[in-house]
There are 2 protein chains.
Amino acid sequence: MSDNNPARTRIQRRNRKAILEAALEVFSAQGFRGATLDQIAAEAGLSKPNLLYYFASKEAIHAELLDGLLDTWLAPLRELNPDGTPQDEILGYVRRKLEMSRAMPRESRLFANEMLQGAPRLTEVLPKLKALVDEKAEIIRDWTRAGKLAPVDPHHLIFAIWALTQHYADFEVQVTAVLGPGHDPYDEAGAFLDMLFTRLLRI
Amino acid sequence: MSDNNPARTRIQRRNRKAILEAALEVFSAQGFRGATLDQIAAEAGLSKPNLLYYFASKEAIHAELLDGLLDTWLAPLRELNPDGTPQDEILGYVRRKLEMSRAMPRESRLFANEMLQGAPRLTEVLPKLKALVDEKAEIIRDWTRAGKLAPVDPHHLIFAIWALTQHYADFEVQVTAVLGPGHDPYDEAGAFLDMLFTRLLRI
DNA sequence: CTGCAACCTGACCATATGGTCAGAAATGGA
DNA sequence: TCCATTTCTGACCATATGGTCAGGTTGCAG
């Protein structure tokens with residue numbers, strides 16, 4: 001009872017991790033309501049009552065997953081450095097964000113599911129999102145004012161980066177189906193987006 | 001029994017329409033598994049057994065919604081005219097697609113939900129999608145070869161248009177939360193995307 | 001080795017949900 | 001008006017699902 005947060009025993013650490021991993025798999029593929037505890041339990045290799053020994057409820061598992069997600073998700077944007085070269089900074093952001101979609105497609109889909117449903121479990125963190133975006137938008141606006149960047153609406157530039165990178169994770173089936181076999185969507189997207197943003201931002 | 005397809009009586013037409021409208025509302029906001037027949041019935045102002053008088057099952061309602069959706073959704077792309085001016089054609093497509101997101105956000109979200117879950121109920125129509133995209137990609141490639149358009153990967157150009165336009169419907173909560181009050185997201189997006197694609201496609 | 005705390009389970013419960021059905025109510029053509 | 005057809009409903013059912021619990025099993029400190 002002295003240490004509250006971190007899982008104490010080895011077993012607890014292992015099982016909580018397995019549960020969260022399984023839950024990410026299932027929630028991201030089925031949405032919150034579509035996912036069942038039985039699926040998560042099976043995926044984690046545990047019994048349903050045992051799941052509920054580690055987490056108070058289905059909600060609690062989902063909440064824990066969402067908990068750090070926004071921070072993880074916004075990390076690439078946080079790195080945008082006002083003292084760097086505008087084009088490099090923004091291209092770097094695009095690359096980091098695309099890499100994140102490639103490395104964490106399930107997290108992307110978990111997030112997308114949440115947003116599609118109207119973000120019922122994220123509403124209280126959206127203001128935090130807005131604050132960060134506003135801050136970074138101001139940096140971009142300054143770059144434009146200083147003549148270092150083509151004039152663009154900073155908010156919609158950020159939306160564009162989100163949309164273009166997350167699309168490859170969230171609509172993976174569609175992308176794969178349209179490209180057909182023998183393609184690496186993310187490699188191609190990387191080249192395409194480099195080109196796109198280079199052209200867009202050139203003064 | 002002679003005429004098979006169209007709803008025969010006035011009542012049938014009215015109620016089927018009400019059910020599909022209600023189902024679109026609920027399915028697009030909750031996903032297939034998240035939606036319940038009770039919700040749809042309530043939204044449509046009918047009793048649950050009455051829903052099932054008009055449709056064989058929950059699946060059947062969903063299937064009927066999905067049925068025409070892909071065609072509707074791809075209509076703007078179909079209009080891409082190989083004999084037009086490349087820039088105008090592509091910008092026109094972007095505008096039509098954005099307008100579609102504005103006018104039919106629920107359809108967009110229904111579609112997004114389906115894709116997120118791996119398109120279990122759309123797999124058989126994905127080849128049709130691929131065929132259309134391949135056809136239009138070839139047109140774009142020809143334009144590029146003819147020197148009328150900057151060189152771009154046509155498939156990823158189309159993905160970009162999808163991602164950028166659908167984002168405003170699918171992530172509406174996020175867009176609204178970030179922009180704050182006093183903005184018309186679609187108007188701003190229209191201007192931004194015009195600018196973006198103009199710069200991207202200029203030779 | 002022992003005993004207590006941590007871990008786990010089968011059996012069970014309440015509710016939600018998709019779907020059925022016998023028959024009542026409305027509709028509309030003759 | 002009459003009655004066959006269409007439309008609609010309350011009551012009901014089977015199953016799925018989130019969650020509980022009494023008690024069994026395992027891990028580990030002393």
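Lettering of chains follows the sequences in order, A, B, ..., and the numbering in each one begins at 1. All figures in this text were calculated on a predicted structure; none of them were measured in a lab.
- Annotation: salt bridge (Lys or Arg N to Asp or Glu O under 4.0 Å) contacts of Arg121(B) (sequence neighbours excluded): Glu59(B), Glu114(B).
- Taking atom CG on Leu51(B) and atom P on dT7(D), their separation rounds to 15 Å, with Å as the unit.
- The terminal axes of the helix from dC1(C)-dG30(D) to dA30(C)-dT1(D), fitted over 5 pairs per end, subtend an angle of 10° to the nearest 10°.
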N/O donor to acceptor pairs below 3.5 angstrom from side-chain atoms of residues 43-56 of chain A, sequence neighbours left out:
unit_1	atom_1	unit_2	atom_2	d
Ser47(A)	OG	Asn50(A)	N	3.2
Tyr54(A)	OH	Asn15(A)	ND2	3.0

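- Sorted by first and then second residue, the pairs that involve residues 62-81 of chain B and meet salt bridge (charged side-chain N to carboxylate O under 4.0 Å, His left out), not counting sequence neighbours, are Arg16(B)-Glu64(B), Asp71(B)-Arg78(B), Asp71(B)-Lys128(B), Glu79(B)-Arg96(B).
- Contact annotation: Asn15(A) reaches the phosphate of dC8(C) (side-chain N/O to OP1 or OP2, under 4.0 Å).
- One finds a side-chain N or O of Thr9(B) lying less than 4.0 angstrom from the OP1 or OP2 phosphate oxygen of dT7(D).
- Glu188(A) pairs by the side-chain hydrogen bond (donor to acceptor under 3.5 Å, both in side chains) definition with His183(A), His156(B), not counting sequence neighbours.
- OP1 or OP2 of dC7(C) has at least one side-chain nitrogen or oxygen of Tyr53(A) nearer than 4.0 Å.
- Among pairs with a residue in residues 82-109 of chain B, none fulfils ring pair (Phe, Tyr, Trp, His ring centres under 6.0 Å), at least two apart in sequence or across chains.
- Legend: residues meeting salt bridge (Lys or Arg N to Asp or Glu O under 4.0 Å) with Lys130(B), ordered by chain and number and at least two apart, are Asp134(B).
- Regarding contacts with the backbone of dT7(D), a side-chain N or O of Gln12(B) is found under 4.0 angstrom from either OP1 or OP2.
- Among the heavy atoms of the strands lying under 4.0 Å from Tyr54(A) are primed sugar atoms or P, OP1, OP2 only; no base atom is included.
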- Item | Sugar-phosphate or base contact per nucleotide [nucleotides 15-30 of chain D; S, B, -; heavy atom under 4.0 Å] | --SBBBB------S--
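- For Arg141(B), the salt bridge (Lys or Arg N to Asp or Glu O under 4.0 Å) partners are Glu138(B), not counting sequence neighbours.
- At whole-Å resolution of the value, CG in Asn50(B) and C1' in dG23(C) are 15 Å apart.
- Heavy-atom contacts from other residues, nucleotides or ligands closer than 6.0 Å to CZ of Arg145(A) number more than 12.
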